[in-house]
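See below for the structure under consideration.
Here the structure is a predicted model, which means the values were calculated and not measured. Whatever order the structure lists ligands and atoms in, that order sets their numbers, starting from 1.
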Amino acid sequence: MCGIIGYIGKDNSVKHLIEGLRALEYRGYDSAGVAFFDKENALMRVKAEGRLANVEAKLANVPEAAGSHCGIGHTRWATHGAPSDTNSHPHGTAALQIVHNGIIENHVELKAELVALGYTFESDTDTEIAAKLLDYYYKQESNAPDAISRLTGRLRGSYALGILFEVEPNKIYAVRKDSPLIIGIGKGENFIASDITAILRSTRDYYQLEEGELATVTADSIEISCNGKQIVKERKTALWDVEAAERGGYAHFMLKEIHEEPEAMIKTLRPRIKDMLPDFSDEKLDTSALAKVERLHIVACGTAMHAGLIARGLFESLARIPVEVEIASEFRYNDPIIDESDLVIIISQSGETADSLAALRLAKEKGAHTLAIVNVTGSSIAREADSVLYTLAGPEIAVASTKAYTVQTSLLSLLAVECAMLRGRINESAARELVTELYERAPKAVAEMIDRADEVKAIAEEIKTCEDLFFIGRGADYYLSSEGSLKLKEISYIHSEAYAAGELKHGTISLVVPGIPVIALCTVPSLIEKMGSNIREVTARGANAIAVSFKDVPEANKTVIIPTIDPRLAFLPAVTVLQLLAYYTSVARGCDVDKPRNLAKSVTVE
Ligand code: F6R
């Protein structure tokens with residue numbers, strides 16, 4: 001949510017800031033801005049509501065930008081105050097400029113203090129309050145580190161801050177709490193960034209800034225200190241390269257990421273399979289926790305939570321462990337009953353989702369063992385959980401999550417088999433059969449659906465003008481419906497609901513009118529007959545029922561036939577169909593597929 005970039009070095013800084021912001025735009029895109037020192041070391045600022053192109057257009061009329069060597073930039077997802085030129089970052093005073101990710105919770109109290117001190121405000125943001133408080137401390141301390149330390153001592157909430165001081169044109173300062181920030185290491189140039197993708201064009205090496213640390217970055221040096229003492233940090237290298245974070249000829253990142261699913265599944269599963277059986281021995285995973293655990297909680301948000309629902313079915317049926325799947329933003333407030341005998345699995349692509357992170361911290365507080373399933377290496381959730389299993393999907397840039405769900409559910413399926421074996425619920429040969437299906441058959445089934453994308457595209461053409469739509473299913477298909485529905489509504493803006501097929505007639509069927517599309521998931525063999533009856537209930541009222549199944553569903557108006565696979569893993573090719581349906585419908589409606597309105601990748605506010 002929001003993106004930060006900073007550059008200092010021999011090159012034109014504004015060029016790097018724009019490049020970085022372009023890579024970060026997926027994190028928030030309702031306004032953007034940059035602050036930089038010009039050739040004469042004057043501190044300048046350019047910002048604009050809307051997409052990054054608006055800032056670029058303004059910069060075209062700012063000749064000073066050409067001579068800049070040091071600057072910070074920001075792409076915003078509005079929290080305090082509507083998207084507008086004034087509310088865009090950077091914010092500051094004559095003495096300094098800052099960019100900020102996160103939320104300052106005690107902004108009301110701080111603003112009142114500053115108003116009493118004579119400060120005035122032009123924006124509605126919490127960031128401007130932080131900037132002016134820093135200005136106040138800077139006037140008192142006359143040196144940046146002390147002023148920043150006094151500022152962070154006062155801020156409640158979460159922040160990653162990039163700061164420029166007017167009198168120090170050769171330095172960028174950075175601090176953070178509960179919002180990620182890294183320091184990119186270049187040659188004769190250095191960076192700050194909220195996300196590695198922003199700097200991959202220039203470097204893959206970085207330091208991870210931790211809470212309480214202050215980074216002082218010049219073109220030739222990076223100093224990181226904690227409580228005034230310089231510290232030596234471990235240098236890290238990103239696994240991702242720049243190609244992985246670029247579109248590579250696809251019309252949209254979302255389409256590219258769907259195409260990457262088969263390979264991402266194999267990459268994620270390969271290191272955890274030996275002799276076609278699960279093998280997590282190379283991971284720092286406490287398998288004894290899996291063997292003994294009395295109850296499993298899976299906590300996540302959005303698509304990651306839907307992956308948890310699929311996992312629930314597998315853990316319960318294979319390993320016979322009771323599983324609760326909980327929405328992270330609700331988890332803390334439901335006073336969850338958890339203790340040392342429970343295992344809490346947090347699923348997150350970004351590893352930075354604020355509600356999921358808060359849920360993880362609560363679970364640890366309550367003494368449960370915590371396991372993170374995360375895609376971004378070194379992210380907060382990955383670092384704080386007792387154990388972590390990384391999904392190896394590569395960067396996911398499109399706001400709508402696709403390949404992350406596929407690898408999360410693949411990895412959780414393997415873990416469910418491991419858990420079932422540890423608990424003596426499945427014998428080796430049955431486990432081997434299922435793992436073979438997962439590792440060899442499922443990626444091929446997903447690839448086959450990608451090859452047959454035109455069939456799905458034709459359905460997208462059929463539904464593109466509808467206003468409302470239903471996804472229905474039973475059992476695992478109901479969980480899959482939830483994901484299909486979320487994907488479609490978030491990027492095509494068609495109102496859609498996921499319903500347990502048998503529940504529809506208990507009220508909601510009154511919304512079924514002639515012509516309404518009903519996507520009926522029918523991949524659970526034991527439930528196909530019952531689904532047939534539910535489909536008849538909607539077609540009798542004029543609905544256009546489109547089934548997704550292994551074989552033709554005669555009750556439906558049409559069926560998308562998915563490849564034969566162990567039905568317990570049918571969600572894998574089936575979800576690809578639903579992702580493609582959302583994608584092509586969004587394209588057909590002329591929507592901004594990768595950056596749907598009001599959304600942002602990586603939701604770092606609660
Ligand atoms: C929907 C989507 C979101 C995320 C959710 C959790 O397409 O992407 O629902 O799944 O915001 O994000 P992570 O997985 O980063 O915790």
Nearest neighbour in protein (non-hydrogen) for [atom]:
atom: atom 15 (O) of ligand 1; answer: S350 OG, 2.7 Å
atom: atom 10 (O) of ligand 1; answer: T303 N, 3.2 Å
atom: atom 14 (O) of ligand 1; answer: Q349 N, 2.7 Å
atom: atom 11 (O) of ligand 1; answer: V603 CG2, 4.1 Å

Which of the atoms in ligand 1, numbered in the order shown and given with their element, are less than 4.0 Å from a heavy-atom of G302?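 Within the 4.0 Å cut-off of G302, ligand 1 contributes 9 (O).
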Under a 4.0 angstrom heavy-atom cut-off, which atoms of ligand 1 come close to E490?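 Near E490, meaning under 4.0 Å from one of its heavy atoms, ligand 1 has 1 (C), 7 (O).
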Would you say the ring centroid of Y479 lies under 6.0 angstrom from that of H306?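 Centroid distance Y479-H306: not below 6.0 Å, so no.
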For atom 6 (C) of ligand 1, which candidate among C301, P596, A404, A300 provides the closest heavy atom?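 Considering heavy atoms of C301, P596, A404, A300, the nearest to atom 6 (C) of ligand 1 sits in C301.
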Have a look at N375, T353, V399 and point out the one with the heavy atom closest to atom 16 (O) of ligand 1.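 Nearest option to atom 16 (O) of ligand 1, by heavy atoms: T353.
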Does [X] use its side chain to pair, donor to acceptor, with the backbone of [Y] at less than 3.5 Å?
X: S350; Y: E352; result: yes
X: S158; Y: I103; result: yes
X: K403; Y: A264; result: no

Any side-chain donor-acceptor pair under 3.5 Å between [X] and [Y]?
X: H74; Y: N101; value: yes
X: N87; Y: T125; value: no
X: S586; Y: H252; value: no

Indicate, as side chain, backbone, both or neither, the part of K487 found under 4.0 angstrom from ligand 1 when only non-hydrogen atoms are considered.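 The answer is the side chain.
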